[in-house]
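The structure appears below as structure tokens.
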Amino acid sequence: MRVPFMDLGRQHAPLRAALLAKMAEVLDSQGFILGPAVADFERSLAAYCGTAHAIGVSSGSDALLVALMALGVGPGDEVIVPSFTFFATAGAVARVGATPVFVDIDSRTFNLDAEAVRARFTERTKAIVPVHLYGRLADLDALRTDATARGIAILEDGAQSIGAEGPDGRRSGALGTLGCHSFFPAKNLGALGDGGAVTTDDAALAERVRVLRVHGSKPKYVHHLVGGNFRLDALQAALLAVKLPHLESWIAGRRANAERYRALFAEAGLVADGRIVPPDDGPGRHVYHQFVVRAAERDALKAFLEGRGVDTMVYYPLPLHLQACFRHLEVRAGELPATEQATAEVLALPIFPELTADEQAYVVESIAAFYCR
Ligand SMILES: *Cc1c(COP(=O)(O)O)cnc(C)c1O
């Protein structure tokens with residue numbers, strides 16, 4: 001058997017006719033830049049996230065960048081970020097000329113450790129960028145009061161967490177000052193190309209993001225701000241509008257697969273002996289963008305599974321504080337121990353919604369075969 005890490009073909013097959021019809025509609029409309037397709041999708045997305053505003057942008061990376069620009073973050077400012085995340089989280093901070101301040105994670109949740117964040121507050125701290133890694137919400141309640149009191153903005157990196165809910169039902173993208181979303185094809189809600197969005201309840205910030213998205217132009221050819229071309233394509237917006245109504249069922253599929261993995265691990269005795277540590281489901285609703293286990297002998301296990309036809313991934317093998325481009329920040333190896341340990345132990349298993357029970361059984365059987373070899 002061969003188990004792919006993901007297979008968008010299975011997701012798109014039943015939507016093929018609807019997606020092709022939308023492509024034809026956009027083609028015939030000749031409206032390729034912003035316009036009603038983008039505005040319609042923005043309204044649906046804001047309703048889904050439970051925010052007053054949603055602004056479609058060119059990617060998740062640009063969502064982070066334009067949100068930092070809207071907050072006025074720049075040279076001399078510090079922005080607290082995890083080191084255990086995709087590069088864009090810290091890359092966006094560096095691109096606006098501010099300083100990323102890397103903080104360690106909580107080993108159990110893989111998300112920013114609230115205590116460690118508080119310890120790094122200075123008078124220069126302008127924002128915190130919590131990442132809801134793998135689709136599990138970071139604990140913002142533990143930070144919101146202190147951040148607000150100090151005038152520190154919370155910018156959610158929700159690239160992996162659309163639809164994730166806190167215990168009170170509030171969703172990713174509605175929990176901070178601004179929320180950033182990615183529609184990279186492999187994300188839980190993927191476009192057929194690049195795309196992203198910023199959500200917020202703050203009308204003034206929403207307006208700044210809208211203006212920055214078109215080079216800071218308002219009215220046309222008049223610039224009070226320097227922005228960029230951060231627009232979401234009308235074609236991608238139209239395709240995302242076809243896919244958004246299915247997101248809830250895809251999330252349910254991911255959650256059911258996570259449950260099945262837990263049961264299969266327990267049955268195989270892999271959890272009891274501590275060689276596999278499945279992810280904590282957490283309070284609220286984890287959306288399992290990734291199902292990431294900690295595994296003893298991770299690299300050998302990954303190679304063994306590859307030999308059995310099971311694709312797995314490592315998110316992320318090198319922490320950001322040890323990347324060459326951030327060497328000047330002088331964060332040394334050993335300073336963020338939970339992050340560094342995670343990079344050595346994490347392994348993402350296939351979890352896409354259309355994964356079958358047989359495929360999952362084969363994955364767990366193969367893992368058991370590794371530890372019993
Ligand atoms: C995917 C991702 C991004 C960037 O999104 P793009 O749409 O690929 O630019 C940012 N942060 C995290 C945590 C991500 O997983």
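We use all heavy atoms of the structure for the numbers below, so side chains are in, but hydrogens, waters and symmetry mates are not. Order of listing sets the numbers, starting from 1, for every ligand and every atom in it.
Look at E42 and R213 and you find a salt bridge, because one of the NZ, NE, NH1 or NH2 atoms lies within 4.0 Å of a carboxylate O, short of that distance. Using a 4.0 Å cut-off between charged side-chain N and carboxylate O, R210 and E207 make no salt bridge.
Take D7 and apply the side-chain hydrogen bond (donor to acceptor under 3.5 Å, both in side chains) test, not counting sequence neighbours, and it matches R10. By the side-chain hydrogen bond (donor to acceptor under 3.5 Å, both in side chains) test, R120 is found to be paired with no residue, residues two or more places apart in sequence or in another chain being considered.
Contacts classified as ring-ring contact (aromatic ring centres under 6.0 Å, His included) and involving residues 296-333 (residues at least two apart or in different chains) are given here: F87-F326, F102-F326, F304-F370.
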Using a 3.5 Å cut-off on N/O to N/O, what pairs does ligand 1 make with the protein? A line per pair would be great.
| residue | atom | partner | partner atom | Å |
| --- | --- | --- | --- | --- |
| ligand 1 | 5 (O) | S182 | OG | 3.3 |
| ligand 1 | 7 (O) | G60 | N | 2.8 |
| ligand 1 | 7 (O) | S182 | OG | 2.6 |
| ligand 1 | 9 (O) | G60 | N | 3.4 |
| ligand 1 | 9 (O) | S61 | N | 2.8 |
| ligand 1 | 9 (O) | S61 | OG | 2.5 |
| ligand 1 | 11 (N) | D157 | OD1 | 3.3 |
| ligand 1 | 11 (N) | D157 | OD2 | 2.8 |
| ligand 1 | 15 (O) | Q160 | NE2 | 2.8 |
| ligand 1 | 15 (O) | K187 | NZ | 3.1 |

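Open room surrounds CZ on R95; 12 or fewer heavy atoms of other groups in view lie less than 6.0 Å from it.
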